[in-house]
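Below is one structure; the comments refer to it alone.
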Amino acid sequence: MTQTFSRIDQLSQFTGRSVTVRGWVSHLRSSGKVAFIVMRDGSGLLQCVLVKKQMPEEDWARFAALTLEASIAVTGEVRGDDRAPGGYELGVSALEIVGASPLDYPIQPKEHGVDFLLDNRHLWLRSPKQVAIARVRHEVEQAIHDFFYDRGFVHVDTPILTAAIGERSGLFQTEYFDEGTAYLAQTGQLYGEAAAAAFGRIYTFGPTFRAEKSKTRRHLTEFWMIEPEMAWYDEAMNEELQEQFVSYLVERCLTRRAAELKELARDVSKLATVKPPFPRIPYTEAVEILRKKGSAIKWGDDLGAEDEALLVADYDRPVFVCNYPKDTKAFYMKENPADPRTVLCADLLAHEGYGEMIGGSQREDDHDKLVARIKHEGLPLDAYDWYLDLRKYGTFVHAGFGLGLERTVAWICGVPHIRECIAFPRMMHRVRP
RNA sequence: UCCCGAGUAGCUCAGGGGUAGAGCAGGCGACUGUUAAUCGCCGGGUCGGGGGUUCAAAUCCCUCCUCGGGAGCCA
């Protein structure tokens, strides 16, 4: 005889019928001859009601042995009840303990400190808020693939072990056979540019690594980044794509992950306004605005975190800050013909103070200017021979950007720290679990 | 690397010279509709490490360690 099992999110179809559900205990309550189990199976929460005289004695006795996070199989009749979370509950006729859980389960239904929770991240993942964040993240990832698939982009996977150095920030190193030192990739962009010449429009989506000793709520040492690269796009087209893209991601979460955003107590009115066009503030203008607001920033300085927050405070959607000074930005960005002190680039700053979500630019497509920039930065020219070939053999106007997945998820969820937006965060003081 | 802050029960924290505290969790008991149930009783400690001041230090001083937040770097 084959026993069939039901998933909690399907139970409304089985009202009045007896089903068996398997999952884990998340809450226990008893008041003498009536007892309640709230269980979780990954698809939802289910309240199970046990009445002593309505079930076999040995099954009733098992309740006394039940503990938080034990795995169980519960059989009973599905019925609607307003007192039950989710509107449906199970009138239990049989209870089986599949896997016991000792009494020292670390995460109790109460307040805990973040450090303690991160030490127990493998168990913390089971908590409702964490489940909601993970589902929003999944929705964003799926939406990213859908958005680009629908626009004819090809998804290209770029290497994690690399010899070339993309930018100047910290790199993780490892020995690589007889080839010397290899680095963990901190961007797939240079490879993306090569692929753009093969497919026209591509995007990469993978982990990137930064060996910076960052200690802020916006930084991880390992994070996921999506990097589109488009042939024949200039910076204006690049920014239009970005605002459509970000708006689409938000829209998808608002329509399909409303329950999760509610669980997270996210003020969705702050997201409903996220629609194109986004404001565009040239860097030079941004400096003037900031100085009027009391910042000590001078032309040529990069924007500090406080400056970014000041600048974005007046808007109800993300803001582009464009055309930064050349010296504050990476070597591959194209010089601005209208003002050669600056480059054709834009950072997209999330509103509500979540900071830089996207960094993008038009790429330098002039071979000789690119060589000059690499030399000027003091970077090893021979490491970039293949990258320079892209300008040697049929150079082309192109642009692209990088979007930080965890920052985007944190912003959409309204979660203050991005470490909760990845299953197992990697930070300066944390490589386990 | 710099600037703040914190380390006390399994967890979250209070106590700031004179017998080590609370809530939750745990144990026992009561309760037929609970929502982080409630009520009664019980057990639970190297006060981060080391040194110093003092009759007396969790408390004051010095030092080290660990962690968190912010800055910088950037997504």
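Reminder, nothing fancy here: chain letters follow the sequence lines and each chain counts from 1.
Note: A/L190 CG to A/E227 CD = 9.0 Å, rounded to the nearest 0.5 Å.
Side-chain atoms of A/K215 lie closest to B/G70 of the nucleotides B/C73, B/C74, B/G70. Side chain of A/H429, nearest nucleotide from B/G72, B/G68, B/C74: B/G68. Side-chain proximity of A/R210 to B/C73, B/A75, B/U32: nearest is B/A75. Comparing B/A75, B/C73, B/G33 by their closest approach to the side chain of A/R83 singles out B/G33. In the set B/C73, B/G69, B/G33, B/G69 carries the atom at the smallest distance from any side-chain atom of A/R217. The nucleotide whose nearest atom lies closest to any side-chain atom of A/T216 is, among B/A75, B/C73, B/G68, B/C73.
In this entry the distance linking NE2 of A/H112 with C1' of B/C24 reads 9 Å, nearest Å. Between the CD atom of A/E356 and the P atom of B/G72 there is a distance of 12 Å, given to the nearest Å. A straight line from CG of A/L68 to P of B/G10 spans 19 Å, rounded to a whole angstrom. A straight line from CD of A/E69 to C1' of B/A25 spans 15 Å, rounded to a whole angstrom. In this structure, A/L118 atom CG and B/U12 atom P are separated by 12 Å, rounded to whole Å. The interatomic distance linking A/D115 (CG) with B/G10 (P) rounds to 17 Å, in whole Å. Remark: C1' of B/C73 and CG of A/L303 are 15 Å apart, rounded to the nearest angstrom. Put simply, CD on A/E308 is 11 Å from P on B/A75, counting in whole angstrom units.
For B/G7 and B/U59, the C1' atoms lie 15 Å apart once the distance is rounded to whole Å. Comparing B/U12 with B/A25, their C1' atoms sit 11 Å apart, to the nearest whole Å. Spacing of C1' atoms, B/C13 relative to B/G52, comes out at 29 Å, to the nearest Å. When the P atom is compared between B/U63 and B/C4, the two are found 14 Å apart, to the nearest whole Å. With C1' as the reference atom, B/G48 and B/A9 are 15 Å apart, rounded to whole Å.
Applying the 90° criterion around 0 to the glycosidic angle, B/G33 comes out anti.
Ring orientation note: the planes of A/H155 and A/Y203 are close to parallel, at an angle under 30° on the 30°/60° scale. Ring-plane geometry between A/F245 and A/F148 is classed as tilted, the angle between the planes lying from 30 to 60 degrees on a 0 to 90 degree scale. Using the six-membered ring where Trp is involved, A/F205 and A/W224 have ring planes that are perpendicular, over 60° apart on the 30 and 60° scheme.
Contacts of A/E222 with the nucleic acid, taken as non-hydrogen atoms under 4.0 Å apart, are absent. At a threshold of 4.0 angstrom between heavy atoms, the contacts of A/K53 include nucleobase atoms, whether or not backbone atoms are also involved. At a threshold of 4.0 angstrom between heavy atoms, the contacts of A/I107 with the nucleic acid are absent. Counting non-hydrogen atoms under 4.0 angstrom, A/S30 reaches a base of the nucleic acid. Residue contacts for A/D347: at a heavy-atom cut-off of 4.0 Å it reaches no nucleic acid atom on any strand shown. Backbone-only contact: A/G304 has heavy atoms under 4.0 Å from sugar-phosphate atoms and none from a base. Counting non-hydrogen atoms under 4.0 angstrom, A/E406 reaches nothing in the nucleic acid. Using a 4.0 Å heavy-atom cutoff across all strands shown, A/F116 reaches sugar-phosphate atoms only and no base atom. At the heavy-atom level, A/A305 lies under 4.0 Å from the strands shown only through sugar-phosphate atoms. A/R218 comes within 4.0 angstrom of a nucleotide base, judged by non-hydrogen atoms across all strands.
Ring pair A/F331/A/Y384: centre-to-centre distance below 6.0 Å. The aromatic ring centroids of A/F116 and A/W124 lie 6.0 Å or more from each other.
If you check B/G26 for Watson-Crick or wobble pairing at under 3.5 angstrom, you find it paired to B/C42. Nucleotide B/C73 has no partner under the Watson-Crick or G-U criteria, as no pair reaches both atom distances under 3.5 Å. Nucleotide B/U19 forms a pair with no other nucleotide shown, judged by Watson-Crick or G-U wobble geometry with both contacts under 3.5 Å. Both distances falling under 3.5 Å, in either a Watson-Crick or a G-U wobble arrangement, place B/C60 opposite B/G52. The base-pairing partner of B/G7, taking Watson-Crick or G-U wobble contacts with both distances under 3.5 Å, is B/C65.
Taking 4.0 angstrom as the limit, A/H27 places none of its side-chain polar atoms (N or O) nearer than this to OP1 or OP2 of B/A36. Between A/H417 and B/G69 there is a side-chain N or O to OP1 or OP2 distance below 4.0 Å. Put simply, A/R419 has a side-chain N or O that comes within less than 4.0 Å of OP1 or OP2 on B/G69.
Counting all heavy atoms, side chain and backbone alike, A/M428 lies closest to A/T221 at N-CG2, 4.1 Å.
Remark: A/R426 fails to qualify as a cation-pi partner of A/F424 under the 6.0 Å distance and 45° angle criteria applied to the six-membered ring.
Sequence order on RNA chain B of the closest nucleotides to A/L220 and A/R430 puts A/R430 first from the 5' end. Mapped onto RNA chain B by nearest heavy atom, A/Y105 and A/G402 fall at different nucleotides, with A/Y105 at the one closer to the 5' end.
Here A/F36 does not count as stacked on B/G33, because the ring centres are not under 5.5 angstrom apart with planes under 30°.
Using a 4.0 Å cut-off between charged side-chain N and carboxylate O, A/E364 and A/K369 make no salt bridge.
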